[in-house]
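Positions are given from 1, in the same order as the sequence printed here.
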Amino acid sequence: MIGAATLRDVLLTHEAAQPDATLLRSPETDRQLSYGQFAKEARQLNARLNALGINAGDHVGFLLHNGYQTTTIFLGAMAAGYVVTPLNLLSQGSALAYVLEHSNVRVVLTSTHYEQQLRDAVALLSAQQANGIQIVVIDSDAADVHAGYGELQLHADIADSTPALLMYTSGTTGKPKGALLTHKNLLHAARSVCEWHGLTANDSVLSSLPLYHINGQCIATVAPFVSGGCIIAPHKFSARAWWSWVERYQPTWLNMVPTIIAYLLNDAAANTGDTKQWPNIRFARSASAPLPPEQHRAFEKLFGIGVIEAMGMTECASVVFCNPQTTGDRKYGTPGLPCGVDVRVVSNETGVALNDNLTGELQLRGDNVMLGYYNAPEKTAEASTTDGWLRTGDLGYRDSDGFYFVTGRIKELIIKGGENIAPREIDEALLLHPAVLEAAAVGIPDANYGQEILAAIVLKPGVSCDDEALRAHCLRVLGRYKTPKTFRFVDDLPKGPSGKVQRLKLLDS
C-alpha cells in the first residue's frame with residue numbers, strides 16, 4: 001500500500017482489489033467481515049454519524065469489547081475523517097469521566113453490556129458537558145447495525161497530516177495524556193511492522209488485545225489492514241480457548257503480551273505442545289511490557305513457536321523496537337533494534353548523547369511520533385527536546401551490536417544508598433521462583449538508605465509460598481543489597497491499557 005496517504009486510501013484500494021477477502025473473524029460468533037462489507041459499513045457509519053450532526057474532524061468514542069462492529073467503528077471512523085477515541089473498558093467513575101471530558105468526544109458508541117458504566121461516568125460531568133455527548137447503543141457483534149441510515153461516501157478532504165486517533169496513555173504517575181496520532185503516523189508505523197515481519201495479504205493474526213490497547217490497535221489491527229491480511233479477534237483473552245482458536249483458524253502469527261505468555265505457560269498442563277497443531281504459524285510477537293528471558297525460552301521450548309520481542313509506545317503508534325525476524329539473530333532480554341524510528345541514548349544530567357553500553361534516557365524521532373498531547377501544550381513541550389526528539393522517560397542503553405536494552409523508567413528507578421537499581425532486575429529474579437506468576441518491584445521511603453525495595457507478588461493458582469522463602473531465593477540470586485525488604489502478596493498487579501505494570505500505583509495500596 002505504498003501510494004496510500006490516509007486510511008481512507010487504504011480502504012478504497014482494498015475494496016477495489018479484494019472485496020471478498022476476509023478482514024476480520026470473530027471466534028465467539030464465527031462472524032466474518034470482508035473488505036467489501038467493511039467498506040459498505042464504513043459508509044453506513046459515516047451516514048449515521050452525519051445524521052447525528054457529527055462532522056469530519058469531530059471526536060468519536062467507543063466503549064466496546066472486540067467484535068465485528070468494534071473493528072468497523074475503529075477503522076471506519078478514521079477512514080471517514082473522524083478522530084477515534086477508544087475508551088478503556090476497565091476505567092470506572094472519575095477516570096472514565098476525565099477522558100470523556102478532556103477528549104471532547106461528541107458521540108460514544110457502546111453496547112448494553114457497558115451502557116450503564118458509560119452513563120454513570122457521564123453523570124459525573126457538568127450538565128453542559130454531559131449534554132454535549134451523544135450515546136449510541138449497538139450490538140457490537142452484529143452486521144449492518146447502521147444500515148437504516150443509508151450510505152455516505154467517505155470524506156475526501158483528509159490528508160496524511162489529519163488527526164485520526166486520540167489515544168490516552170495509562171496515567172502511571174498522574175492524569176492520562178491524550179496522544180494525538182495522524183494518518184501519517186499510523187501508516188508509517190503499520191508499514192514498518194509489515195516490512196519488518198514480512199506481512200502480506202496471505203497473513204492472519206490471532207490477537208485478543210482489546211481495541212483500547214495501542215498494541216491491539218496499531219500492531220494487530222492497522223498493520224494487518226494495511227497489508228490486506230486478516231485479524232482473528234476474540235472478545236477477550238482466554239488461556240483455555242487460545243489453542244483451540246489457533247487450531248480452528250490457523251493464524252500465521254500470534255500477537256501477545258508477557259502476561260498472556262505467562263498464563264499460557266501456567267495453563268500448559270492442558271496443552272500438548274504438539275507443533276503439528278499449528279503448522280502455519282511463522283512467529284509470535286510479544287510487546288507492551290518486558291518479556292522475562294526465562295518465560296521467553298520456556299514458551300519457545302514448550303510450544304515450538306519462536307517469539308519476537310518488541311516494544312512500542314502510545315506516542316509512537318506502538319512502534320519503537322523489534323527483534324530480527326530470523327531466529328538466530330534475536331537476543332533475549334531486549335526489545336531489539338530500532339523499527340521505523342531513529343533512537344539515541346542521552347545523559348540524564350547533561351543531555352549529551354552517550355556511547356554504547358552507557359545508560360541514559362532513550363529518545364526517539366520518526367514519522368510515527370505523535371502530533372502532540374491533545375489540549376496539553378505544556379506536556380507536549382516537556383516531552384520534546386529543542387532539537388525535535390521525543391523524551392520517552394525510559395532508561396536504557398545500546399550494546400555493541402546495536403540492540404537496545406530498557407532497564408526501567410526514570411521515575412521508577414530505585415535509588416538505594418545512592419546506588420541505582422533497575423526494578424526489572426528484581427522482577428526477573430523473582431520470576432525464577434517456581435511459585436511466582438508475576439512480580440513487580442518499586443522503591444519505598446527508608447530513613448537509612450533513602451529508598452528500600454518492595455516487591456509485589458502474584459502467586460500461581462493453587463501454589464503457596466511465604467516471604468521467607470522468597471527472601472532466601474533473592475539472597476541467592478540477587479545478593480543482600482538488592483533483596484527486597486518487603487514482600488506483598490497481591491491478587492493482581494496494577495496495569496495500564498497496554499498491559500504495562502504501573503509500579504508507582506503499588507505505593508497507593
Margin query: Would you compute the distance between atom CZ of F321 and atom CZ of F405 and round it to the nearest 0.5 angstrom?
Written below: 11.0 Å
Next item on the list: Please confirm whether the backbone N or O of L24 pairs with a side-chain atom of T22, one donor and one acceptor, at under 3.5 Å?
Entry: no
Checklist line | L89 vs L63 side-chain heavy atoms within contact, under 4.5 Å | finding: yes
Next item on the list: Determine whether the side chains of T252 and N280 contain a donor N or O and an acceptor N or O closer than 3.5 Å.
Entry: no
Note to self: For Y481, does the six-membered ring have the charged nitrogen or CZ of K416 within the cation-pi criterion, i.e. under 6.0 angstrom from the centroid and within 45° of the normal?
What the structure shows: yes
Checklist line | side-chain hydrogen bond (donor to acceptor under 3.5 Å, both in side chains) evaluation trace for E41 with Q69 | finding: CA-CA 9 Å; E41 295 212 19; Q69 286 301 325; 2.8 Å; yes
Margin query: Below 30° counts as parallel, above 60° as perpendicular, anything between as tilted: where do the rings of H433 and H473 land?
Written below: perpendicular
Next item on the list: Apply salt bridge (Lys or Arg N to Asp or Glu O under 4.0 Å) to the pair D203 and R282, showing each step before the final yes or no.
Entry: CA-CA 9 Å; D203 280 297; R282 297 195 290 115; 3.2 Å; yes
Margin query: Would K495 and T259 count as a side-chain hydrogen bond (donor to acceptor under 3.5 Å, both in side chains) here? Give the steps.
Written below: CA-CA 10 Å; K495 296 174 184 174; T259 300; 2.9 Å; yes
Next item on the list: Among L358, D356, T407, find the residue that satisfies the side-chain contact (heavy atoms from CB on, under 4.5 Å) test when tested with Y397.
Entry: T407
Checklist line | Test of ring centre spacing under 6.0 Å for W242 and Y263 | finding: no
Item checked: F225 and H14 aromatic centres sub-6.0 Å -> yes
Note to self: Are the side chains of R25 and I231 in contact, using a 4.5 Å heavy-atom criterion?
What the structure shows: no
Check: Should K236 and E28 count as an ion pair when the cut-off is N to O under 4.0 Å?
Finding: no
Next item on the list: Only counting residues at least two apart or in another chain, list the ones meeting ring pair (Phe, Tyr, Trp, His ring centres under 6.0 Å) with F62.
Entry: none
Item checked: Heavy-atom pair with the smallest gap, counting every atom of V257 and A287 -> CG1-O, 3.4 Å
Check: Would you say the side chain of K331 lies within less than 4.5 Å of the side chain of D399, judging by non-hydrogen atoms?
Finding: yes
Next item on the list: Give the minimum heavy-atom separation between C218 and S318, together with the two atoms involved.
Entry: CB-CB, 4.0 Å
Checklist line | Salt bridge R503-D427, side-chain N to carboxylate O under 4.0 Å | finding: yes
Checklist line | Test item: R285 and L254 side chains (from C-beta on) under 4.5 Å apart, heavy atoms | finding: no
Notebook entry, point to check: Does NZ or CZ of R297 fall inside the cone over Y332's six-membered ring, less than 6.0 Å from its centre and within 45° of the axis?
Noted result: yes
Next item on the list: May I ask you to decide whether R424 forms a salt bridge with E428, counting only side-chain N to carboxylate O separations under 4.0 Å?
Entry: yes
Note to self: Looking at every non-hydrogen atom in both residues, tell me the closest pair between V477 and A429 and how far apart they are.
What the structure shows: CG1-CB, 3.8 Å
Notebook entry, point to check: Any Lys/Arg nitrogen of K460 or D267 sitting under 4.0 Å from an Asp/Glu carboxylate oxygen of the other?
Noted result: no
Next item on the list: Say whether, by atom type as modelled, one donor and one acceptor occur between the side chain of S111 and the main chain of L64 under 3.5 angstrom.
Entry: no
Margin query: Let me confirm one number: the CD1-CG distance from I426 to L431, rounded to the nearest 0.5 Å.
Written below: 11.5 Å
Check: Is N185 reaching over with its side chain to a backbone N or O of D367, donor-acceptor style, under 3.5 angstrom?
Finding: yes
